[in-house]
Structures are given as C-alpha cells and as structure tokens.
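Since the model is a prediction, treat every value here as computed from it, not as a measurement. In the text below, chain A, chain B and the rest are named by the order of the sequence lines, each starting its count at 1.
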Amino acid sequence: MSEAPTTTLRRTPLADLHEQLGGRMVPFAGWSMPVQYKGIVEEHRAVRERAGVFDVSHMGRLFVVGAAAEALLRRAVTYDVATIAEGHGHYTLLCNDEGGIIDDPYVYRLDSQRFLFVGNASNGDRDAERVQSFVAPGDDVDLLDRQEQTVMLAVQGPAASGHMARIIGPEVAAIEKRACTELPYLQYKLFVSRTGYTGEDGFEIVTSVEAGRAIWRQLMAAGVEPCGLGARDTLRLEAALPLWGHDIDETTNPYEAGLGWVVSLDDGAEFAGRDALARIKANGVDRKLACIKAAGRGVIRDGFPIMHDGQQVSIVASGSHSPTLNTSIAMAYLPKALSKYGTELAIDVRGKMLPAVVGRRPFVPHAGDNVAST
Amino acid sequence: MPTPDDRRYSKEHEWLKADGDEGSIGITEYAQEQLGDIVYVDLPEAGSSVAQFEKMGEIESVKAVSELFSPAGGEVTASNAALVEKPELVNTDPYGEGWLIRIKTGDTAEADKLMSAADYDAFVQGLG
C-alpha cells in the first residue's frame, strides 16, 4: 500500500481533526484527504439514513463580485445565470470552444453583484484562469479566490436539516432546495446553501476556518457521521451525478452526458462553446452516458471494457459497488442504440465476463423526487 | 483484535490453520482493515488445486480489488459458501466465520515458511 509523499500535498484546515478521528488520508487532486473513517459502507448508509458531513474544502471557491459579475459569468458558463434569482444557485458547465466540458461548477447568486462559483478541486486554477479570460478591459468585476481562507463542509442526509437548525439556527431549515443565504454563527458569517452531491437533502457551508472547525466539532458531538471521499463517490454514483475527470471532461459534451438541461441556448448570449453546442444539439449525439447495473457478482470499475454481442462497444467511465442496491453499478458512454433501458451487456472484469444491463438514471432516486429523472 | 497463535501467517497477510491433514485459509485482521468493506470474494472451487504463495483468487472491497495468495499448496476441499451472500464476514470475523477455503495440505515443510503470530505482529508493526 504505497502512498505518495504527503509533504507535497495540500491540507485542508480540518486535516488534523480528520487524523484524530482515524481518517485514512490519501492523495486526491493534490490534497491529502480522508477516503474513509469507519468504512465506506457505514458512512454511505449514514448519509442515506441519517446524516453525514464531508470536508469539501479542497473544492474551488471563487467569489465573482461587481456590477459586471453577471455578464462575465454569462460569457463563461453554459447556463443563463441571469435567471438565477438572488439567494439561489444552479448547476452549470464551463465549456471549451468545441463544447467539451472543462468543469461542472455550481454557481450561486448572493445578490445582484455577488456570485459564488464552486468548481472541482482538480480544476481550481484552470477555472479561475478561464473565467478571468472573459473579463473585458474596464469591467467592474473582481475574482476573489477564497479557497485558502475558508472551509467548505457538506452536511448531507435526511437528518441534516435538524442538525443544522440546532447548531446554526431554525432559519436553516427554511432554506429551499438549491437556495442559498448568509447567516451569522457566533461572530462569524456563514454562506449556507441547500445543495450537495449525494442525492440526499443537505447543505453546503462556506465559512472562516475558525467557524468551520467549530461547526465540524458540533456536528461530531451531535453524532453526525464523518464521511470521506469513498462514500462521497458511491453516493454520487448511485445518484448518477457525473464526476468530472471520469464521466465528463473536455472530450465529452453536455448533450451526450445528459446535461443538455444546463445549456441555455435561447437567451442569445454568446457564451464559451455556444456555437459548437448549438451545432451538436442540432446534429444530435451518437452516444449517451448510460447507467449500467451488474446482473451477477463482481465489481465493475473505471476503464473496464464493455461488450455487446461479443464486440467491445465502450469502456466504463465510473464503476463501483452500490451499498444501497448491494450490486455493482457503473456509468459509461454507449452508442445511442445500446443506451436504452434493458440493453444486455457484458463487462470484461479482468478476462471474466460479468453480465450487466442498462438501468434507469439515477440508480437511487434523489430525495424529494417522486419520479426518477431521465 | 489479538492475532490468534493457533495458526501461521504469510507476508501477503493470509493465515493457515492446520487441522490434521487439512488446513483452513483466510486473511488477517490487518488485511481486512486495509481493504475496507469487502463486497465480493472470488475463490477457487473444490477440487481445484492451489500452490503456496501463488494466486488463488481475488477479493474486492468497495475501493479496490486485491489478489489472494495461498499460504500453502494443496487440493481445495471447500470454499466458504457463506461469503457469497455475506462477504462482509471477512471484515467482521476474519479469523473465524470469514475463512476463505479449506485445503488438503500436502508438503508439511510449507508451514515452516510461514510466520508465527508473534513474528507476524512484528512484521505488521514494521509496515508502519
């Protein structure tokens, strides 16, 4: 079990607390992060059934502030940020000029002139440079990278709301899905949103290091399960939420990834990748990101060949074990004709053929959704 | 969990417990702890043969797959059927209900190439 030297890895302001809790620290996107504390399955179940907290301080946090903030973001991302009301957020994409996905940030609007752009850890600097590249001379806008100075926590699960209300205040429970607000905590200020990447109800918090550590300690005292990257991955995979670098990247476009709903082509805005995306939409895609479920025992993992009628038709983008379904699940790009529900496949698991079938998206319904979205 | 001294251990973190001319084989507490949640175990079938320190199967946790190396050679007489439905037994009881296979042991000298519980503990300590 070799690990990269930790000296070169960045540590979040909570790293010492993770180590005290017995968190197994692993290198991830240049950071030393806990992959698990008690165990992935136990942490996964805690989030599905009760509440868990993740230190997501490794994620990029860029405040975009100024009279030109909205216009700048509209040039950079695929979603029409003008339609994001104050105190709300939306999933967006940062695309290259060919329509490939550079990152899949969440953009929150605090008020008319302040936005928070949350990107993946692995893309932090690139995201900031990309957004900066759309600043025109004289624009009244500042990009404030607050990753170093702040902590970001994700408190997720059906009991998250109750815990948050007790620790921060009853107003937390009133925050609507995908909404955000600023609240006081002791003498500190919190950014709190009702978002997350687990498929469960939950919150994300951005605040000072001091307040972040205090809230973490309060959550621990309340019995909220500390959760690592391992459970974060199995939870998001069950929810069929794409992971950048696995399910989406610059070689994939939003339409084949099933993310056409975050591309706003009708507001006339000239955003990065718009022409390419309009063309891709008009022409249609020939492959789709599909949800695949094992129909036998074994674990499907990233990169495994996918077979149909004896021919390799794709490779696995993301694969793991689903603690909720107690079987292996995966996402992969399949030729459109094979991406339909019920298509029988075989996954080449180190030379052995594991039968699998195209399932519905998501594997596990998102909390609050009565009908699984497609 | 103390390392039981009624069996012998390999550097690959498997144990061999002799019982007459048969032996049962499993993985150690250290190994299950390192692997994390075990979700699938691929074991040799009864009637097949395994060789000492050679690959005998695979064990998959949520995170990763690892190869299993047999601590002794011989003919497989049984594999633990309970692990098909409950692979987590390897996590919860690696020295008991979470055993992997039983074999008809051949070369008794093979056990000499394995470590005692005390030596294995020292070996694991050395891994840091």
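- For residues 80-89 of chain B, the interface with chain A (any heavy-atom pair closer than 4.5 Å) comprises B:Val84, B:Glu85, sorted by residue number.
- B:Lys55 NZ: more than 12 foreign heavy atoms inside a 6.0 Å radius.
- For A:Lys38, no part sits under 4.5 Å from any heavy atom of chain B, backbone or side chain.
- Residue B:Glu97 qualifies as open at atom CD: its count of foreign heavy atoms under 6.0 Å is 12 or below.
- Ranking A:Gly298, A:Ser328, A:Pro323, A:Ser320 against chain B, the residue ahead of the rest is A:Gly298, based on heavy-atom pairs under 4.5 Å.
- Nearest approach of B:Val62 to A:Arg301, heavy atoms of both residues: O-NH1, 3.0 Å.
- Closest heavy-atom contact between B:Val39 and A:Val299: CG2-CG2, 3.6 Å.
- Residue-environment remark: CD (B:Gln125) stays at or below the threshold of 12 foreign heavy atoms within 6.0 Å.
- Taking the side chain as every heavy atom from C-beta outward, B:Glu60 and A:His321 never approach each other to under 4.5 Å.
- Within a 6.0 Å radius of CD in A:Glu344, other residues, nucleotides and ligands contribute 12 heavy atoms or fewer.
- The shortest side-chain heavy-atom distance between A:Arg350 and B:Val65 falls under the 4.5 Å cut-off.
- Residues A:Arg297 and B:Asp42 are not paired through a salt bridge, judged by the lack of any N-O separation under 4.0 Å between the basic side chain and the carboxylate.
- A salt bridge links B:Glu33 with A:Arg24; the closest basic N to acidic carboxylate O contact falls under 4.0 Å.
- When the shell of 6.0 Å around CG of B:Asp5 is examined, it contains 12 or fewer heavy atoms from other residues, nucleotides or ligands.
- Counting heavy-atom pairs under 4.5 Å between each of B:Val41, B:Leu127, B:Asn91, B:Asp37 and chain A puts B:Asp37 at the top.
- How far CG of A:Leu354 is from OH of B:Tyr40: 8.0 Å, rounded to the nearest 0.5 Å.
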